[in-house]
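Structure, as structure tokens:
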Amino acid sequence: MAADRRIVIENCSIATVDAHDTEYPSGHVVIAGNRIESLGAGRAPEGLENVDRRIDATGHLVTPGLVNTHHHFYQWITRGLATDHNLFDWLVALYPTWARIDEQMVHAAAQGSLAMMARGGVTTAMDHHYVFPAGSGDLSGAIIRAARETGVRFTLARGSMDRSEKDGGLPPDFAVETLEGALAATEATVKEHHDSSFDAMTQVAVAPCSPFSVSTELLRQGAELARRLGVRLHTHGSETVEEEQFCKELFGMGPTDYFESTGWLGEDVWMAHCVHMNDSDIAAFARTRTGVAHCPSSNARLAAGIARVPDMLAAGVPVGLGVDGTASNESGELHTELRNALLINRLGAHREAALNARQALRLGTYGGAQVLGRAAETGSLEAGKLADLVLWKLDTLAHASIADPVSALVLGAAAPVTASFVNGRQIVEDGRLLHVDEDEIARSTREQAQRLARIAGH
């Protein structure tokens with residue numbers, strides 16, 4: 001939409017998730033081009049020019065779009081497998097299958113993952129892709145293409161693995177890259193696809209997979225590469241007690257100390273999971289402003305444990321929410337993680353004081369934008385920020401008797417998305433995607449899942 005063309009949204013509840021948690025029981029939002037021009041209480045100002053559309057959002061809550069901070073799109077075509085395994089056994093069971101993916105499979109899986117998130121309110125997504133079988137095609141390009149087709153803002157965390165079974169790691173020997181190959185391919189991906197502009201739709205991060213699939217040298221040189229190129233760093237950290245034991249046996253220290261020794265703590269770094277963190281670990285993350293992608297459903301699915309999110313937030317650690325791969329979170333939806341983050345953290349030491357509904361919404365919006373390094377552009381509804389926002393319908397049977405709209409969104413059933421905007425462009429209307437065919441995606445993901453199963457079976 002041209003910068004001087006406007007969309008006016010009125011008569012809605014608004015949760016801005018700004019620094020003051022400003023809310024309007026009945027307010028308006030004006031979009032001009034790809035930016036939020038103004039918002040506030042009551043009706044929009046009179047006399048606005050070039051208004052292409054007015055939306056009467058009675059019965060809706062408007063929030064910033066949800067920001068997903070950790071995912072593995074390719075796993076969409078291996079859902080429902082190894083359902084009763086812990087992390088290490090789950091990885092051992094699935095790596096041989098994952099190592100047989102190709103470009104066609106990855107594109108279909110990325111479409112499925114993105115479609116499910118977008119229709120549920122995600123406006124900024126990320127994918128940590130780290131499996132690159134030899135001869136499998138342009139996997140990074142296939143993922144980025146799927147994001148552009150869906151219309152979401154996107155960060156590709158270009159992953160890598162070079163520690164295979166013969167080196168004491170978990171992936172099969174044929175599923176990893178060489179150190180040199182991984183670094184070269186990652187640099188090429190950044191140079192081809194990363195956009196550092198304010199309204200960038202595609203960014204790239206450097207993302208070696210995990211301590212038990214990556215050499216120390218790949219971590220160290222990966223951090224140096226990211227900082228030379230000016231991009232962010234992402235990996236898995238402190239996900240299970242087994243990982244902690246692995247690090248102590250192999251490196252003589254716990255995961256956080258190991259990461260710090262390789263240059264992997266800092267305000268340009270975020271890590272997935274961080275379940276098993278002691279006070280010293282949390283203090284190190286707070287001191288360095290290292291971010292965390294909290295994945296409550298996946299952590300529960302793999303019996304990894306409960307991350308100390310309240311303690312991280314109290315210490316000043318940036319925390320966002322992640323779906324994680326759909327082989328460990330089959331729903332693939334981020335809006336359900338708002339509720340699960342609140343509920344699961346209340347099972348921990350802080351009980352009912354662990355998180356409230358507004359803190360959960362902040363994790364899924366502004367917290368995620370912080371973790372991805374995009375809090376200046378998105379994650380809250382403020383004049384001048386990018387027009388990434390969602391209209392949640394809260395006047396149906398599922399939510400109409402809950403007076404507080406934020407509690408309705410977080411604690412109630414999954415709320416329907418009437419409209420979702422990314423960069424000022426609508427991508428969802430009445431729960432359906434506007435720019436891709438959901439039925440065709442369902443068909444292609446089913447076909448590619450069956451094709452992968454046949455290949456892996458051979």
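In this structure a side-chain-to-backbone donor-acceptor pair under 3.5 Å is present from T235 to P208. Using a distance-only test at 3.5 Å, with no hydrogens or angles considered, no donor-acceptor pair links the side chain of R54 to the main chain of I7. Panel note: side chain Q426, backbone V428; a donor-acceptor pair is recorded below 3.5 Å. E330 places a side-chain N or O within 3.5 Å of a backbone atom of G80 that can act as its donor or acceptor partner. Listed for the R451 side chain is no donor-acceptor partner under 3.5 Å among the backbone atoms of R446. When atom types are taken as modelled, the side chain of R35 and the backbone of A387 share no donor-acceptor pair closer than 3.5 angstrom. T256 places no side-chain N or O within donor-acceptor distance of the main-chain N or O of D281, the cut-off being under 3.5 Å. When atom types are taken as modelled, the side chain of R339 and the backbone of L411 share a donor-acceptor pair closer than 3.5 angstrom. Proximity of a side-chain donor or acceptor of R374 to a complementary backbone N or O of F198 within less than 3.5 Å is detected. A distance-only check finds no donor-acceptor pair linking the side chain of R362 to the backbone of G368 [under 3.5 Å].
Annotation: side chain of Y366 is not in contact with side chain of P64 (no heavy-atom distance under 4.5 Å). Residues M161 and Y95 form a side-chain contact, since some pair of their non-hydrogen atoms from C-beta on lies under 4.5 Å apart. Between V390 and L66 there is no side-chain heavy-atom pair separated by less than 4.5 Å. Taking 4.5 Å as the limit, some side-chain heavy atom of L363 sits within range of a side-chain heavy atom of L313. V30 places none of its side-chain heavy atoms less than 4.5 Å from the side chain of L39. Contact check for L225 versus L229: side-chain heavy atoms found under the 4.5 Å cut-off. Residues H70 and V323 form no side-chain contact, since every pair of their non-hydrogen atoms from C-beta on lies 4.5 Å or further apart. At least one side-chain heavy atom of E239 sits less than 4.5 Å from a side-chain heavy atom of L302.
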Evaluate side chain to side chain contact (heavy atoms under 4.5 Å, CB included) for D324 paired with H71, printing each intermediate quantity in order.
CA-CA 4 Å; D324 205 6; H71 209 319; over 6 Å; no
Decide salt bridge (charged side-chain N to carboxylate O under 4.0 Å, His left out) for D18 and K385; before the verdict, give the C-alpha distance in whole Å, the side-chain angles of both, and the deciding distance to 0.1 Å.
CA-CA 11 Å; D18 66 9; K385 282 199 165 185; over 6 Å; no
Apply side chain to side chain donor-acceptor pair (under 3.5 Å) to residues T418 and H60 and explain how you reach the verdict.
CA-CA 8 Å; T418 294; H60 289 77; 2.7 Å; yes
As a quick check of understanding, evaluate side chain to side chain contact (heavy atoms under 4.5 Å, CB included) for T16 and S380, giving each step before the final call.
CA-CA 6 Å; T16 68; S380 60; 5.8 Å; no
Test log, rule side chain to side chain donor-acceptor pair (under 3.5 Å), inputs W392 and T63:
CA-CA 8 Å; W392 307 92; T63 72; 2.9 Å; yes
Run the side chain to side chain donor-acceptor pair (under 3.5 Å) check on S213 and S210 step by step: do they pass?
CA-CA 5 Å; S213 60; S210 65; 2.8 Å; yes
Decide yes or no on side chain to side chain contact (heavy atoms under 4.5 Å, CB included) for T290 and W270, but give the supporting numbers first.
CA-CA 6 Å; T290 303; W270 85 102; 5.9 Å; no
As a quick check of understanding, evaluate side chain to side chain donor-acceptor pair (under 3.5 Å) for N299 and S297, giving each step before the final call.
CA-CA 5 Å; N299 293 344; S297 294; over 6 Å; no
Could you walk me through whether T240 and V275 satisfy the side chain to side chain contact (heavy atoms under 4.5 Å, CB included) test, starting with their C-alpha distance in whole Å, then the side-chain angles of each, then the deciding distance to 0.1 Å, before giving a yes or no?
CA-CA 7 Å; T240 64; V275 175; over 6 Å; no
Test log, rule salt bridge (charged side-chain N to carboxylate O under 4.0 Å, His left out), inputs E10 and R43:
CA-CA 6 Å; E10 295 180 300; R43 301 290 296 272; 3.1 Å; yes
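Applying the side chain to side chain contact (heavy atoms under 4.5 Å, CB included) rule to A157 yields the partners M126, H128, A205, A207, H234; only residues at least two apart in sequence or on another chain are considered. A search for side chain to side chain contact (heavy atoms under 4.5 Å, CB included) contacts involving T83 returns R301, not counting sequence neighbours. Residues satisfying the side chain to side chain contact (heavy atoms under 4.5 Å, CB included) test with R5, not counting sequence neighbours, are M1, A2, N50, D52.
Legend: side-chain hydrogen bond (donor to acceptor under 3.5 Å, both in side chains) pairs involving residues 144-155, not counting sequence neighbours, sorted by first then second residue: H107-E149, Q111-E149, R153-D388, R153-N423. Residue pairs that meet the salt bridge (charged side-chain N to carboxylate O under 4.0 Å, His left out) test with at least one member in residues 120-135, sequence neighbours left out, do not exist here.
Note: E377 CD to T124 OG1 = 9.0 Å, rounded to the nearest 0.5 Å. Distance check: T336 OG1 to L334 CG gives 7.0 Å after rounding to the nearest 0.5 Å. Taking OG1 from T445 and CD from Q450, the interatomic distance works out to 9.5 Å, rounded to the nearest 0.5 Å. With values rounded to the nearest 0.5 angstrom, Q359 atom CD is found 10.0 Å from N345 atom CG. In this structure, F259 CZ and T288 OG1 are separated by 12.0 Å, a value rounded to the nearest 0.5 Å. Separation of atoms CG (L391) and CD (E429) is listed at 11.0 Å; rounding is to 0.5 Å.
Between H129 and H72, the ring center distance fails the sub-6.0 Å criterion. In this structure, W90 has its ring center closer than 6.0 angstrom to the ring center of W98. Here the two rings, on H294 and H273, have centers that are 6.0 Å apart or farther.
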N/O donor to acceptor pairs below 3.5 angstrom from side-chain atoms of residues 134-143, sequence neighbours left out:
from : atom 1 : to   : atom 2 : distance (Å)
S136 : OG     : P133 : O      : 2.6
D138 : OD1    : G141 : N      : 2.9

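The heavy-atom pair separating L321 from A341 by the smallest distance is CD2-CB, 3.9 Å. When every heavy atom of A315 is checked against every heavy atom of I282, the shortest pair comes out as CB-CG2, 3.8 Å. In this structure, A125 and V152 approach most closely via the heavy-atom pair CB-CG2, 4.3 Å.
A salt bridge links K393 with D395: at least one charged nitrogen is closer than 4.0 Å to a carboxylate oxygen. For the pair E447 and R443, the salt-bridge criterion is met [side-chain N within less than 4.0 Å of a carboxylate O]. Between R358 and D404, at least one side-chain nitrogen of the basic residue sits less than 4.0 Å from a carboxylate oxygen of the acidic one, meeting the salt-bridge criterion.
A salt bridge (Lys or Arg N to Asp or Glu O under 4.0 Å) with R158 is found for one member of E192, E187, E177 and no other, namely E177.
Other residues, nucleotides and ligands contribute only 12 or fewer heavy atoms inside 6.0 Å of the CD atom of E267.
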